[in-house]
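Just so it is clear, the structure is predicted and the values come from calculations on it, not from any experiment. Note on naming: letters A, B, ... go to the chains in the order of the sequence lines (proteins, then strands), and numbering restarts at 1 for each one.
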Amino acid sequence: MIIRTQNLTKTYRVGVERIHALRDVDLDIEPNDFVAIMGSSGSGKSTLMNILGCLDQPTSGKYILNGRDTSGLNARELAHVRNEQIGFVFQSFELLPRMSAQKNVELPLIYAKTSWLTRRRKARKALERVGLKARVTHHPNQLSGGEKQRVAIARAILNDPAILLADEPTGNLDSATTKELMGLIKELHAEGQTIIVVTHEADVAAMCHRTIVLKDGQIDSDVRHADAVSSNGQGISPKQVGSVSGSKAEDASPC
Amino acid sequence: MLNPLFYIQAIFLALGQIWVNKTRAFLTALGIIIGVAAITAVIAALSGLKTWILDEFNTFGASKLFILHDRPDGRDRSKYPFSLIRMKISELDVLQQHCPSIEILTPITGIGGTIQAGNETMTGVAATGIWPEWHEIESRDLLQGRPISAIDEANARQVCLINDRGIERLKLDKNPTNQYILFKEKRFLIIGVVENKPDNMIQADFGAGGTDVELFMPFSTAVKMQPPVFFFLVTAQIKSPELMEEAAAEVRFALRRARNLKPGEPDTFQAFSLDEVVTQFKAMAAGITAVAGGIVGISLLVGGIGIMNIMLVSVSERTREIGLRKAVGATPAAIMMQFLLEAMTLSIIGGIIGLGIGEALAFGLTLLPDTPQLAAAAVPQWAVIMSFAFCGTVGVVFGMFPAIKAARLNPIDALRHE
């Protein structure tokens with residue numbers, strides 16, 4: 001298992017009220033899994049993603065990432081775990097505007113204390129991998145939305161992370177670009193990368209091999225389907241998912 | 001801890017940030033710039049003054065010892081009246097005979113009075129009674145005529161020297177030698193003209209005061225014009241500057257014996273050299289530096305608060321960047337170091353600019369007309385180093401709070417920040 005959670009619970013206090021964002025979530029993700037996490041707002045999927053990404057700690061329960069129990073780690077240790085084990089891709093790209101694509105990609109290696117030459121070599125290799133060899137010196141404002149997200153993916157895979165965690169990676173992209181980008185993510189999966197995609201969009205989820213739907217902080221359904229074809233009658237078909245959150249998918253406009 | 005390359009990276013990043021916000025950074029650093037420029041200029045001026053004073057001291061005062069009466073601290077006048085403790089003429093012989101380190105000496109006494117020459121009258125002029133040795137000790141140039149001689153002194157002749165300024169003010173002839181003037185209604189023959197007191201010279205001159213017209217006469221002549229109990233001091237030239245302490249000890253021994261002071265009784269006289277004047281000046285300069293330093297400290301404090309303010313703005317503007325950096329693995333320490341280095345870079349750049357302005361001000365001081373005292377004004381090396389150290393410290397102290405704030409940001413909240 002690359003990810004194993006046991007009784008994962010997260011509660012927030014809002015005033016006097018206690019809100020259960022996650023309740024006793026047990027989740028296993030195997031190496032080279034390709035998982036979509038879905039759910040409406042307030043379902044707890046953001047909280048789950050934050051905990052899986054070691055950005056947050058559960059209130060109770062266990063999270064074992066790549067054989068290591070992450071509970072009780074302090075901020076510094078969590079930073080190291082993120083640096084070494086997790087590649088993040090965000091909806092709004094999160095590229096630093098005043099740095100070239102290459103410098104943006106190098107960022108995780110700066111905190112991994114990698115030498116200048118290695119950083120440069122690895123960053124160029126990663127950019128080449130995502131098809132942006134000709135864009136290494138471009139700044140984010142000179143790149144299209146799809147290109148920006150490719151830079152972000154290059155940054156995420158640079159350190160050979162245990163999991164690639166993509167939070168609405170196509171949320172700011174048009175449908176053609178979405179397809180291209182999901183194509184790239186699929187390629188990475190084909191190369192052996194474990195991938196978790198948090199998404200609203202049914203067609204994005206449909207490209208994954210497993211769809212986990214959260215509802216009220218619990219796993220509502222967990223369906224494995226090979227290449228967009230539902231193989232389990234009880235599970236949610238891509239069409240059904242689409243009917244749940246299709247309106248949101250349409251709202252998402254490229255910017 | 002962190003890779004040294006990381007620091008270089010962070011400094012470049014900081015320089016980039018400063019470059020992007022040039023105007024803001026400049027205004028922020030202005031407090032530091034003004035503070036450093038001010039202290040640099042003040043220190044430069046003081047060091048110029050010090051150089052000048054030490055030079056003057058070496059030229060004119062290094063081997064002079066001044067001897068005069070002194071009332072012991074805290075003792076009342078009735079026990080040590082002036083008539084008892086004043087220098088006496090008989091003591092001049094004692095000093096000459098029992099102080100082998102003294103080469104020559106002269107008593108100096110001042111008499112205030114009115115000069116008349118033709119239709120011109122000047123009141124409040126101080127005439128100075130001197131021995132012929134004075135000429136050798138003071139090395140003032142004689143422009144006309146002859147110096148005061150031993151015969152003048154021995155016979156208490158009514159002769160005098162006048163300075164250039166006196167000729168000017170009394171509208172005397174260019175060469176007034178062999179003419180007569182009246183001082184305190186006594187006729188004096190002008191025998192020579194001495195140069196004006198150089199105005200860039202430290203003079204421990206207790207005679208002239210109130211006017212820069214000077215009149216010199218034989219000491220014996222002056223004594224006749226003084227009341228029985230009068231004040232004079234002795235200026236002695238020491239054989240070499242190294243013998244200063246020895247000479248002072250000899251004077252002390254000779255005068256204590258001459259005055260019959262018993263062991264345990266305090267000295268009723270003092271012998272001091274310009275050494276002490278220089279020491280006093282140095283103490284004063286240190287005082288001024290401390291006061292200026294305090295004022296500049298306040299300005300650096302204000303500058304530091306400006307830096308803190310702008311760093312807080314920077315942290316809040318770049319919250320998402322901080323979040324992203326944390327997400328990709330920046331430890332709290334790395335984030336803190338980044339912002340700390342940014343604050344330090346800002347304040348040190350301010351320091352460099354301030355130092356440049358301070359150097360320019362110091363150079364300007366050396367160009368000021370009529371102030372030979374500041375001709376040697378220069379920023380000493382220690383002040384440069386201190387400035388950098390101070391700026392660095394200000395950067396660390398005032399950058400610390402924003403940096404800690406940045407380091408403590410929760411990555412999730414930071415990434416969600418709009």
Go through the atoms of A/Arg76 and report whether side chain, backbone, both or neither lie under 4.5 Å from a heavy atom of chain B.
both

Got a sec: does the CD of A/Glu191 have more than 12 other heavy atoms crowding it under 6.0 Å?
yes

Around atom OH of A/Tyr63, are there more than 12 heavy atoms from other residues, nucleotides or ligands closer than 6.0 Å?
yes

Which atoms form the tightest heavy-atom contact between B/Gly329 and A/Tyr111, and what is the distance?
O-CB, 3.5 Å

Is A/Met99 atom CE crowded by more than 12 heavy atoms from other residues, nucleotides or ligands, each under 6.0 Å away?
yes

Quick check for you: among B/Glu321, B/Arg318, B/Gln17, B/Arg325, which has the greatest number of heavy-atom pairs under 4.5 Å with chain A?
B/Arg325

Cut-off 4.5 Å, heavy atoms of chain B, and the answer for A/Leu96 is side chain

Could you pull out the closest heavy-atom pair between A/Ala79 and B/Ala330, with the gap in Å?
CB-O, 3.6 Å

A quick test of your reading: do over 12 heavy atoms of other residues, nucleotides or ligands sit less than 6.0 Å from CZ of B/Arg24?
yes

Under a 4.5 Å cut-off applied to non-hydrogen side-chain atoms, are A/Arg155 and B/Leu324 in contact?
yes

What part of B/Leu13 gets within 4.5 angstrom of chain A, counting heavy atoms only: side chain, backbone, both, or neither?
side chain

Checking A/Ser46 against chain B: side chain, backbone, both or neither under 4.5 Å from a heavy atom?
neither

Could you check whether atom CZ of B/Phe26 has more than 12 heavy atoms from other residues, nucleotides or ligands sitting under 6.0 Å from it?
no

So for atom CZ, which belongs to B/Phe363, do other residues, nucleotides or ligands contribute more than 12 heavy atoms lying within a distance under 6.0 Å?
no

Taking every non-hydrogen atom, the tightest pair across B/Ile412 and A/Asp56:
CD1-CB, 3.4 Å

How many angstroms lie between CH2 in B/Trp19 and CZ in A/Arg98, if you round to the nearest 0.5 Å?
13.5 Å

How long is the gap from CD1 on A/Ile110 to CD on B/Gln338, to the nearest 0.5 Å?
9.0 Å

CG (B/Leu415) and CZ (A/Phe88) are apart, to the nearest 0.5 Å, by 8.0 Å

